[in-house]
Amino acid sequence: MEILKASYLLTPEEILQGVDLAIDGGRIVEIGPNLQERYPKATLHHYPGRAILPGFCNPHLHLEFSANRATLSYGDFIVWLESVIRHRERLIPRCDEACLEWAIEEILSSGTTTIGAISSYGGDLEAAVRSGLNVAYFSEIIGSNPGAADILYSDFLHRYYRAKKYEGERFRACVAIHSPYAVHYVLAKKALELARKEETLVSLHFMESRAEREWLDSDSGDFRQFFEKFLNQRKAANRPLEFLQLFHDLQTLVVHSVWANDAELDLIAQEGHAIVHCPRSNRLLGNGVLDLDRLKARAIPYSIATDGLSSNYSLNMYDELRAALFLHPDYPALSFAKELLVQATTWAKRLGFASGTLEAGNFADLQIVQIPEDLEVVEELYLHLILHTHKPEVVYLQGVRHGK
Ligand code: MCF
Ligand code: FE
(Lines give C-alpha, C1' and ligand atoms only; values in the text may rest on other atoms or scores of the structure.)
(Ligands and ions follow the chains in the order given, each with its own letter.)
Protein backbone atom coordinates (compact mmCIF):
# COMPACT_ATOMS: atom_id res chain seq x y z
CA MET A 1 0.00 0.00 0.00
CA GLU A 2 1.09 3.57 -0.69
CA ILE A 3 -0.11 6.77 0.92
CA LEU A 4 0.04 10.02 -1.00
CA LYS A 5 0.13 13.19 1.02
CA ALA A 6 -0.22 16.52 -0.77
CA SER A 7 -1.29 20.06 0.17
CA TYR A 8 -4.54 19.80 -1.78
CA LEU A 9 -6.78 17.04 -3.08
CA LEU A 10 -9.24 17.87 -5.88
CA THR A 11 -12.06 15.37 -5.91
CA PRO A 12 -12.52 17.32 -8.45
CA GLU A 13 -15.69 19.10 -7.26
CA GLU A 14 -14.16 19.97 -3.90
CA ILE A 15 -10.76 21.15 -2.77
CA LEU A 16 -9.72 19.18 0.30
CA GLN A 17 -6.82 20.00 2.61
CA GLY A 18 -5.25 17.80 5.26
CA VAL A 19 -6.55 14.69 3.55
CA ASP A 20 -4.45 11.76 2.29
CA LEU A 21 -5.05 9.19 -0.37
CA ALA A 22 -4.24 5.50 0.02
CA ILE A 23 -3.70 3.32 -3.04
CA ASP A 24 -3.20 -0.39 -3.38
CA GLY A 25 -3.38 -2.89 -6.22
CA GLY A 26 -3.78 -0.06 -8.74
CA ARG A 27 -6.88 1.33 -7.05
CA ILE A 28 -7.78 4.07 -4.60
CA VAL A 29 -8.45 2.38 -1.26
CA GLU A 30 -9.28 5.25 1.01
CA ILE A 31 -9.35 9.03 1.33
CA GLY A 32 -9.09 10.62 4.75
CA PRO A 33 -6.92 12.41 7.32
CA ASN A 34 -3.73 10.86 8.76
CA LEU A 35 -3.94 7.61 6.84
CA GLN A 36 -0.40 6.62 7.87
CA GLU A 37 -1.70 6.08 11.40
CA ARG A 38 -4.23 3.61 10.07
CA TYR A 39 -1.77 1.96 7.70
CA PRO A 40 1.64 2.20 9.44
CA LYS A 41 3.30 -0.25 7.03
CA ALA A 42 2.34 1.69 3.92
CA THR A 43 4.97 3.61 1.95
CA LEU A 44 4.47 7.35 2.33
CA HIS A 45 4.96 9.77 -0.57
CA HIS A 46 5.00 13.37 0.45
CA TYR A 47 4.09 16.07 -2.07
CA PRO A 48 4.19 19.44 -0.32
CA GLY A 49 3.03 22.42 -2.36
CA ARG A 50 1.32 20.06 -4.79
CA ALA A 51 -2.26 19.11 -5.62
CA ILE A 52 -3.52 15.64 -6.42
CA LEU A 53 -6.31 15.43 -8.95
CA PRO A 54 -7.71 12.69 -11.17
CA GLY A 55 -6.07 12.17 -14.55
CA PHE A 56 -7.78 13.83 -17.49
CA CYS A 57 -10.10 12.26 -20.00
CA ASN A 58 -9.42 13.37 -23.59
CA PRO A 59 -12.52 11.93 -25.27
CA HIS A 60 -11.63 12.59 -28.91
CA LEU A 61 -8.32 12.21 -30.69
CA HIS A 62 -6.87 10.39 -33.69
CA LEU A 63 -3.62 8.63 -32.71
CA GLU A 64 -3.02 7.47 -36.28
CA PHE A 65 -2.50 11.08 -37.44
CA SER A 66 0.19 11.80 -34.85
CA ALA A 67 2.97 12.20 -37.45
CA ASN A 68 1.41 15.39 -38.76
CA ARG A 69 3.11 18.68 -38.02
CA ALA A 70 2.72 20.82 -41.13
CA THR A 71 1.72 18.35 -43.84
CA LEU A 72 -1.98 19.18 -43.56
CA SER A 73 -3.24 22.65 -44.48
CA TYR A 74 -4.93 24.56 -41.68
CA GLY A 75 -7.08 27.69 -41.96
CA ASP A 76 -10.02 26.49 -44.03
CA PHE A 77 -12.03 23.31 -43.55
CA ILE A 78 -12.34 22.30 -47.22
CA VAL A 79 -8.68 23.07 -47.92
CA TRP A 80 -7.82 20.94 -44.86
CA LEU A 81 -10.03 18.07 -45.99
CA GLU A 82 -8.49 18.11 -49.48
CA SER A 83 -5.06 17.98 -47.86
CA VAL A 84 -6.16 14.98 -45.75
CA ILE A 85 -7.32 13.16 -48.87
CA ARG A 86 -4.09 14.03 -50.69
CA HIS A 87 -1.72 12.97 -47.89
CA ARG A 88 -3.59 10.40 -45.80
CA GLU A 89 -2.10 7.32 -47.47
CA ARG A 90 1.43 8.50 -46.65
CA LEU A 91 0.73 10.37 -43.43
CA ILE A 92 -0.81 7.48 -41.52
CA PRO A 93 2.05 5.00 -42.17
CA ARG A 94 4.47 7.77 -41.15
CA CYS A 95 3.07 7.31 -37.65
CA ASP A 96 4.98 4.10 -36.97
CA GLU A 97 5.38 2.39 -33.58
CA ALA A 98 7.88 4.99 -32.37
CA CYS A 99 5.55 7.81 -33.37
CA LEU A 100 2.58 6.17 -31.64
CA GLU A 101 4.63 5.64 -28.51
CA TRP A 102 5.77 9.24 -28.56
CA ALA A 103 2.14 10.42 -28.88
CA ILE A 104 1.04 8.20 -25.98
CA GLU A 105 3.91 9.47 -23.84
CA GLU A 106 2.83 13.06 -24.61
CA ILE A 107 -0.72 12.20 -23.60
CA LEU A 108 0.27 10.47 -20.36
CA SER A 109 2.96 12.92 -19.29
CA SER A 110 0.53 15.82 -19.73
CA GLY A 111 -1.88 14.26 -17.22
CA THR A 112 -4.33 12.34 -19.40
CA THR A 113 -5.16 8.81 -18.26
CA THR A 114 -8.33 8.14 -20.31
CA ILE A 115 -8.76 8.62 -24.06
CA GLY A 116 -11.36 8.22 -26.78
CA ALA A 117 -9.27 7.19 -29.79
CA ILE A 118 -10.80 7.25 -33.26
CA SER A 119 -9.18 4.79 -35.63
CA SER A 120 -9.92 4.39 -39.33
CA TYR A 121 -7.12 1.90 -40.09
CA GLY A 122 -6.54 -0.08 -36.91
CA GLY A 123 -2.75 0.27 -37.05
CA ASP A 124 -2.76 2.02 -33.67
CA LEU A 125 -4.66 -0.76 -31.85
CA GLU A 126 -1.78 -2.59 -30.15
CA ALA A 127 -0.07 0.65 -29.12
CA ALA A 128 -3.36 1.85 -27.61
CA VAL A 129 -3.76 -1.41 -25.67
CA ARG A 130 -0.13 -1.36 -24.48
CA SER A 131 -0.43 2.26 -23.32
CA GLY A 132 -2.14 1.18 -20.08
CA LEU A 133 -4.45 4.20 -20.41
CA ASN A 134 -8.20 3.68 -20.21
CA VAL A 135 -9.03 3.52 -23.90
CA ALA A 136 -12.39 3.78 -25.60
CA TYR A 137 -11.23 2.61 -29.01
CA PHE A 138 -13.61 3.77 -31.74
CA SER A 139 -13.29 1.82 -34.99
CA GLU A 140 -14.41 4.31 -37.60
CA ILE A 141 -16.63 3.70 -40.59
CA ILE A 142 -16.43 6.12 -43.50
CA GLY A 143 -17.65 6.10 -47.12
CA SER A 144 -20.55 7.61 -49.02
CA ASN A 145 -20.47 5.41 -52.13
CA PRO A 146 -23.22 2.73 -51.87
CA GLY A 147 -21.32 0.58 -54.40
CA ALA A 148 -18.47 0.13 -51.92
CA ALA A 149 -20.72 -0.36 -48.89
CA ASP A 150 -20.15 -4.11 -48.49
CA ILE A 151 -16.37 -3.90 -48.62
CA LEU A 152 -16.31 -0.91 -46.27
CA TYR A 153 -18.62 -2.62 -43.80
CA SER A 154 -16.68 -5.88 -43.73
CA ASP A 155 -13.40 -3.99 -43.24
CA PHE A 156 -15.02 -2.06 -40.37
CA LEU A 157 -16.38 -5.26 -38.82
CA HIS A 158 -12.96 -6.86 -39.01
CA ARG A 159 -11.35 -3.91 -37.23
CA TYR A 160 -14.10 -3.77 -34.60
CA TYR A 161 -13.79 -7.48 -33.70
CA ARG A 162 -10.01 -7.28 -33.68
CA ALA A 163 -10.30 -4.51 -31.07
CA LYS A 164 -12.97 -6.40 -29.14
CA LYS A 165 -10.50 -9.16 -28.32
CA TYR A 166 -8.74 -6.73 -26.00
CA GLU A 167 -11.84 -5.70 -24.10
CA GLY A 168 -11.51 -5.40 -20.33
CA GLU A 169 -11.67 -2.95 -17.45
CA ARG A 170 -9.26 -0.56 -19.20
CA PHE A 171 -10.23 -1.04 -22.84
CA ARG A 172 -13.57 -0.77 -24.65
CA ALA A 173 -14.22 -1.47 -28.31
CA CYS A 174 -16.55 1.24 -29.64
CA VAL A 175 -18.03 2.47 -32.93
CA ALA A 176 -17.36 5.76 -34.77
CA ILE A 177 -19.51 6.96 -37.62
CA HIS A 178 -17.33 9.54 -39.34
CA SER A 179 -19.96 12.16 -40.22
CA PRO A 180 -23.29 12.66 -42.02
CA TYR A 181 -21.53 14.00 -45.13
CA ALA A 182 -19.06 11.13 -45.48
CA VAL A 183 -21.05 8.05 -44.45
CA HIS A 184 -23.86 6.56 -46.49
CA TYR A 185 -27.16 6.21 -44.58
CA VAL A 186 -27.30 2.43 -45.05
CA LEU A 187 -23.73 2.00 -43.92
CA ALA A 188 -24.32 4.13 -40.82
CA LYS A 189 -27.48 2.19 -40.06
CA LYS A 190 -25.69 -1.17 -40.24
CA ALA A 191 -22.78 -0.03 -38.09
CA LEU A 192 -25.22 1.41 -35.54
CA GLU A 193 -27.14 -1.85 -35.40
CA LEU A 194 -23.89 -3.46 -34.34
CA ALA A 195 -23.32 -0.72 -31.75
CA ARG A 196 -26.82 -1.32 -30.39
CA LYS A 197 -26.37 -5.07 -30.23
CA GLU A 198 -22.94 -4.76 -28.61
CA GLU A 199 -24.02 -1.86 -26.36
CA THR A 200 -21.03 0.21 -27.33
CA LEU A 201 -20.42 3.91 -27.01
CA VAL A 202 -20.67 5.77 -30.34
CA SER A 203 -18.80 8.78 -31.72
CA LEU A 204 -19.89 11.08 -34.55
CA HIS A 205 -18.28 14.17 -36.11
CA PHE A 206 -21.32 16.40 -36.54
CA MET A 207 -21.86 19.91 -37.92
CA GLU A 208 -18.25 20.89 -37.71
CA SER A 209 -18.18 23.44 -40.55
CA ARG A 210 -20.36 25.95 -42.32
CA ALA A 211 -19.69 23.91 -45.48
CA GLU A 212 -21.27 20.84 -43.83
CA ARG A 213 -24.31 22.89 -42.78
CA GLU A 214 -24.91 24.28 -46.28
CA TRP A 215 -24.25 21.01 -48.08
CA LEU A 216 -26.54 18.91 -45.89
CA ASP A 217 -29.29 21.54 -45.79
CA SER A 218 -29.37 22.57 -49.42
CA ASP A 219 -26.67 20.77 -51.48
CA SER A 220 -24.85 24.10 -51.70
CA GLY A 221 -21.78 25.91 -50.36
CA ASP A 222 -18.10 24.97 -50.44
CA PHE A 223 -18.78 21.22 -50.36
CA ARG A 224 -20.55 21.39 -53.74
CA GLN A 225 -17.37 21.61 -55.78
CA PHE A 226 -15.59 19.22 -53.44
CA PHE A 227 -18.12 16.42 -53.87
CA GLU A 228 -18.36 16.98 -57.58
CA LYS A 229 -14.57 16.82 -57.98
CA PHE A 230 -13.79 13.86 -55.71
CA LEU A 231 -16.95 11.77 -55.80
CA ASN A 232 -18.91 13.00 -58.80
CA GLN A 233 -21.77 13.59 -56.38
CA ARG A 234 -24.21 16.50 -56.78
CA LYS A 235 -26.51 15.93 -53.84
CA ALA A 236 -25.83 15.30 -50.19
CA ALA A 237 -26.35 11.68 -49.17
CA ASN A 238 -28.06 12.55 -45.89
CA ARG A 239 -30.26 15.14 -44.23
CA PRO A 240 -28.80 15.96 -40.83
CA LEU A 241 -31.79 15.56 -38.52
CA GLU A 242 -32.82 12.31 -40.15
CA PHE A 243 -29.23 11.07 -39.85
CA LEU A 244 -29.12 12.02 -36.18
CA GLN A 245 -32.30 10.01 -35.58
CA LEU A 246 -30.30 6.89 -36.43
CA PHE A 247 -28.54 7.34 -33.09
CA HIS A 248 -31.74 6.83 -31.09
CA ASP A 249 -31.08 5.03 -27.81
CA LEU A 250 -27.34 4.95 -28.40
CA GLN A 251 -24.99 6.70 -26.02
CA THR A 252 -23.30 9.07 -28.46
CA LEU A 253 -20.41 11.53 -28.25
CA VAL A 254 -21.37 14.18 -30.77
CA VAL A 255 -18.11 15.87 -31.75
CA HIS A 256 -17.89 19.59 -32.69
CA SER A 257 -21.55 20.62 -33.31
CA VAL A 258 -20.44 24.22 -33.88
CA TRP A 259 -22.99 24.60 -36.70
CA ALA A 260 -25.79 22.46 -35.23
CA ASN A 261 -29.22 24.14 -35.35
CA ASP A 262 -31.83 24.31 -32.59
CA ALA A 263 -33.77 21.23 -33.72
CA GLU A 264 -30.56 19.15 -33.80
CA LEU A 265 -29.49 20.35 -30.36
CA ASP A 266 -32.99 19.61 -29.05
CA LEU A 267 -32.69 16.05 -30.34
CA ILE A 268 -29.18 15.66 -28.90
CA ALA A 269 -30.55 16.80 -25.51
CA GLN A 270 -33.61 14.59 -25.73
CA GLU A 271 -31.54 11.50 -26.57
CA GLY A 272 -29.15 12.16 -23.68
CA HIS A 273 -26.13 12.44 -25.99
CA ALA A 274 -23.12 14.53 -25.00
CA ILE A 275 -21.07 17.01 -27.01
CA VAL A 276 -17.30 16.97 -27.38
CA HIS A 277 -15.88 20.45 -27.85
CA CYS A 278 -12.52 20.79 -29.63
CA PRO A 279 -11.81 24.53 -29.43
CA ARG A 280 -8.32 24.52 -30.96
CA SER A 281 -9.24 22.17 -33.79
CA ASN A 282 -12.29 24.32 -34.60
CA ARG A 283 -10.19 27.44 -34.55
CA LEU A 284 -7.42 26.02 -36.73
CA LEU A 285 -9.76 24.60 -39.38
CA GLY A 286 -11.71 27.87 -39.64
CA ASN A 287 -14.88 26.46 -38.12
CA GLY A 288 -15.60 29.12 -35.52
CA VAL A 289 -16.43 28.83 -31.82
CA LEU A 290 -19.07 26.57 -30.29
CA ASP A 291 -21.78 28.58 -28.49
CA LEU A 292 -21.86 26.90 -25.10
CA ASP A 293 -24.95 28.90 -24.06
CA ARG A 294 -27.04 26.84 -26.47
CA LEU A 295 -25.79 23.64 -24.80
CA LYS A 296 -26.31 24.94 -21.30
CA ALA A 297 -29.85 26.07 -22.16
CA ARG A 298 -30.65 22.43 -22.96
CA ALA A 299 -28.50 20.92 -20.19
CA ILE A 300 -26.44 19.01 -22.77
CA PRO A 301 -23.32 17.63 -21.10
CA TYR A 302 -20.08 18.69 -22.76
CA SER A 303 -16.36 18.39 -22.28
CA ILE A 304 -13.29 19.37 -24.21
CA ALA A 305 -10.90 17.29 -26.34
CA THR A 306 -7.81 17.98 -28.39
CA ASP A 307 -8.89 16.15 -31.58
CA GLY A 308 -5.89 14.64 -33.40
CA LEU A 309 -2.58 16.17 -34.40
CA SER A 310 -4.32 16.28 -37.78
CA SER A 311 -6.02 19.48 -36.61
CA ASN A 312 -4.02 20.60 -33.60
CA TYR A 313 -0.45 21.17 -32.45
CA SER A 314 -0.50 19.20 -29.19
CA LEU A 315 -2.39 16.44 -27.40
CA ASN A 316 -1.94 18.23 -24.06
CA MET A 317 -5.22 18.84 -22.21
CA TYR A 318 -3.72 21.78 -20.28
CA ASP A 319 -3.11 23.51 -23.62
CA GLU A 320 -6.71 22.77 -24.59
CA LEU A 321 -8.12 24.00 -21.27
CA ARG A 322 -6.22 27.27 -21.63
CA ALA A 323 -7.51 27.69 -25.17
CA ALA A 324 -11.09 27.00 -24.03
CA LEU A 325 -10.75 29.55 -21.26
CA PHE A 326 -9.67 32.25 -23.69
CA LEU A 327 -12.04 31.31 -26.52
CA HIS A 328 -15.06 31.77 -24.26
CA PRO A 329 -14.39 35.14 -22.64
CA ASP A 330 -18.02 35.73 -21.64
CA TYR A 331 -17.90 33.17 -18.85
CA PRO A 332 -16.41 34.26 -15.50
CA ALA A 333 -12.86 32.92 -15.41
CA LEU A 334 -13.03 31.32 -11.95
CA SER A 335 -16.27 29.37 -12.26
CA PHE A 336 -15.61 28.45 -15.90
CA ALA A 337 -12.14 27.11 -15.02
CA LYS A 338 -13.71 24.87 -12.40
CA GLU A 339 -16.41 23.69 -14.80
CA LEU A 340 -13.82 22.83 -17.45
CA LEU A 341 -11.60 20.93 -15.01
CA VAL A 342 -14.51 19.00 -13.51
CA GLN A 343 -15.71 17.87 -16.94
CA ALA A 344 -12.20 17.13 -18.17
CA THR A 345 -11.71 14.65 -15.32
CA THR A 346 -15.15 13.16 -14.61
CA TRP A 347 -15.74 12.23 -18.25
CA ALA A 348 -13.67 9.08 -17.74
CA LYS A 349 -16.85 7.61 -16.27
CA ARG A 350 -18.91 8.64 -19.30
CA LEU A 351 -16.44 6.66 -21.42
CA GLY A 352 -17.13 3.67 -19.19
CA PHE A 353 -14.16 3.56 -16.83
CA ALA A 354 -13.82 3.48 -13.04
CA SER A 355 -11.68 6.59 -13.07
CA GLY A 356 -11.91 10.40 -13.11
CA THR A 357 -12.81 11.05 -9.48
CA LEU A 358 -10.93 10.49 -6.22
CA GLU A 359 -13.16 7.81 -4.80
CA ALA A 360 -12.37 4.52 -3.11
CA GLY A 361 -12.69 1.71 -5.64
CA ASN A 362 -11.66 3.77 -8.64
CA PHE A 363 -8.40 3.14 -10.47
CA ALA A 364 -5.51 5.20 -9.11
CA ASP A 365 -5.26 7.34 -12.26
CA LEU A 366 -3.91 10.55 -10.81
CA GLN A 367 -1.87 13.63 -11.51
CA ILE A 368 0.27 15.54 -9.07
CA VAL A 369 0.66 19.16 -9.98
CA GLN A 370 2.80 21.91 -8.57
CA ILE A 371 0.81 24.84 -7.16
CA PRO A 372 2.06 28.44 -7.44
CA GLU A 373 3.79 29.12 -4.11
CA ASP A 374 2.05 32.45 -3.65
CA LEU A 375 -1.53 31.13 -3.94
CA GLU A 376 -3.63 33.17 -1.51
CA VAL A 377 -7.25 32.21 -2.21
CA VAL A 378 -7.75 28.44 -2.28
CA GLU A 379 -10.92 28.63 -4.41
CA GLU A 380 -8.84 30.16 -7.21
CA LEU A 381 -6.85 26.94 -7.50
CA TYR A 382 -8.80 25.65 -10.51
CA LEU A 383 -7.97 28.72 -12.56
CA HIS A 384 -4.32 28.75 -11.54
CA LEU A 385 -3.94 25.07 -12.34
CA ILE A 386 -5.07 25.82 -15.89
CA LEU A 387 -2.96 28.95 -16.22
CA HIS A 388 0.31 27.67 -14.80
CA THR A 389 0.53 23.97 -15.63
CA HIS A 390 2.29 22.73 -18.71
CA LYS A 391 2.61 19.17 -17.43
CA PRO A 392 2.03 17.58 -14.02
CA GLU A 393 5.12 16.59 -12.05
CA VAL A 394 3.99 12.99 -11.56
CA VAL A 395 1.27 10.88 -13.11
CA TYR A 396 -0.04 7.66 -11.57
CA LEU A 397 -1.52 5.25 -14.06
CA GLN A 398 -3.35 2.42 -12.33
CA GLY A 399 -1.17 3.08 -9.31
CA VAL A 400 2.10 3.04 -11.27
CA ARG A 401 4.14 6.20 -10.96
CA HIS A 402 5.40 8.04 -14.04
CA GLY A 403 7.67 11.06 -13.79
CA LYS A 404 10.14 12.46 -11.27
O1 MCF B 1 -12.14 15.97 -36.20
C2 MCF B 1 -11.22 16.31 -37.21
C3 MCF B 1 -11.92 17.11 -38.25
N4 MCF B 1 -13.08 16.46 -38.80
C5 MCF B 1 -13.08 15.24 -39.39
N6 MCF B 1 -12.19 14.29 -39.35
C7 MCF B 1 -11.02 14.21 -38.73
C8 MCF B 1 -10.53 15.11 -37.78
N9 MCF B 1 -9.30 14.74 -37.45
C10 MCF B 1 -9.03 13.64 -38.13
N11 MCF B 1 -10.05 13.30 -38.89
C12 MCF B 1 -10.01 12.10 -39.74
C13 MCF B 1 -11.27 11.31 -39.81
O14 MCF B 1 -11.44 10.48 -38.72
O15 MCF B 1 -9.71 12.47 -41.05
C16 MCF B 1 -10.32 11.58 -41.94
C17 MCF B 1 -11.11 10.59 -41.12
O18 MCF B 1 -10.43 9.39 -40.96
C19 MCF B 1 -11.18 12.46 -42.78
S20 MCF B 1 -11.56 11.82 -44.32
C21 MCF B 1 -13.09 12.59 -44.73
FE1 FE C 1 -11.87 14.34 -35.05
Side-chain angles (χ1 to χ4, degrees), residues 58-69 71-95 103 115-124 136-145 148 152 155-156 159 174-184 187-188 191 202-213 215-216 222-223 226-227 229-231 233 236-238 252-260 275-288 290 303-315 320:
N58 186 351
H60 182 86
L61 49 81
H62 304 253
L63 285 175
E64 62 194 9
F65 280 101
S66 298
N68 180 60
R69 296 294 173 277
T71 302
L72 300 178
S73 302
Y74 289 178
D76 174 272
F77 185 69
I78 299 288
V79 175
W80 173 81
L81 201 55
E82 290 197 15
S83 76
V84 173
I85 290 170
R86 198 173 318 121
H87 298 291
R88 186 165 55 167
E89 300 300 320
R90 273 166 295 128
L91 192 53
I92 290 179
R94 246 171 57 203
C95 194
I115 59 170
I118 312 290
S119 173
S120 64
Y121 278 65
D124 49 5
Y137 187 84
F138 293 91
S139 296
E140 181 181 67
I141 189 151
I142 184 164
S144 56
N145 174 4
L152 293 171
D155 174 65
F156 157 78
R159 284 182 283 119
C174 305
V175 170
I177 308 294
H178 178 268
S179 65
Y181 62 86
V183 184
H184 193 274
L187 209 50
V202 177
S203 169
L204 168 74
H205 291 107
F206 185 72
M207 284 301 160
E208 180 178 8
S209 62
R210 178 201 291 270
E212 179 175 349
R213 178 83 268 163
W215 174 244
L216 298 185
D222 290 351
F223 256 134
F226 175 90
F227 272 95
K229 179 164 131 196
F230 288 100
L231 295 150
Q233 199 181 314
N238 295 297
T252 306
L253 304 184
V254 183
V255 184
H256 305 312
S257 300
V258 181
W259 293 84
I275 288 181
V276 178
H277 176 30
C278 306
R280 286 187 296 165
S281 170
N282 294 155
R283 199 267 169 266
L284 291 170
L285 302 191
N287 293 325
L290 176 66
S303 189
I304 65 159
T306 59
D307 215 336
L309 288 176
S310 29
S311 57
N312 208 336
Y313 57 89
S314 85
L315 299 171
E320 203 66 45

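Indexing begins at 1, ligand by ligand and atom by atom, following the structure's order. Quick caveat, the model's predicted, so the values are computed rather than measured.
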Nearest heavy-atom pair of [X] and [Y]: which atoms, and what distance?
{"X": "Ser311", "Y": "Leu285", "result": "CB-CD1, 3.8 Å"}
{"X": "Val175", "Y": "Ala191", "result": "CG1-O, 4.2 Å"}
{"X": "Phe138", "Y": "Cys174", "result": "CD2-CB, 3.3 Å"}
{"X": "Leu315", "Y": "Asp307", "result": "CD2-O, 3.6 Å"}
{"X": "Glu208", "Y": "Tyr181", "result": "OE1-OH, 4.4 Å"}
{"X": "Leu63", "Y": "Cys95", "result": "O-SG, 3.9 Å"}

Report summary line: Atoms of type N, O or S from protein under 2.8 Å of the Fe ion (ligand 2), total 4

Report task. Name the orientation class of the two ring planes belonging to Phe226 and Phe230 (parallel below 30°, tilted from 30 to 60°, perpendicular beyond 60°). Result -> tilted

Requested in this report: Assert yes or no for the condition that the ring centre distance of Phe227 to Trp215 is strictly below 6.0 Å.
Outcome: yes

Show me a pair-per-line table, with atom names and distances to 0.1 Å, of protein N or O atoms that are under 3.5 Å from an N or O of ligand 1.
residue, atom, partner, partner atom, Å
ligand 1, 1 (O), His205, NE2, 2.9
ligand 1, 1 (O), His256, NE2, 3.1
ligand 1, 1 (O), Asp307, OD1, 3.1
ligand 1, 1 (O), Asp307, OD2, 2.7
ligand 1, 4 (N), Glu208, OE1, 2.7
ligand 1, 4 (N), Glu208, OE2, 3.2
ligand 1, 6 (N), His178, NE2, 3.2
ligand 1, 9 (N), His62, NE2, 3.3
ligand 1, 9 (N), Ser310, OG, 3.3
ligand 1, 14 (O), His62, ND1, 3.3
ligand 1, 14 (O), Glu140, OE1, 3.1
ligand 1, 14 (O), Glu140, OE2, 2.7
ligand 1, 18 (O), Glu140, OE1, 2.8

Report task. Mark yes or no: Arg280 above the aromatic ring of Tyr313, with NZ or CZ under 6.0 Å from the six-membered ring centre and no more than 45 degrees from the axis. Result -> yes

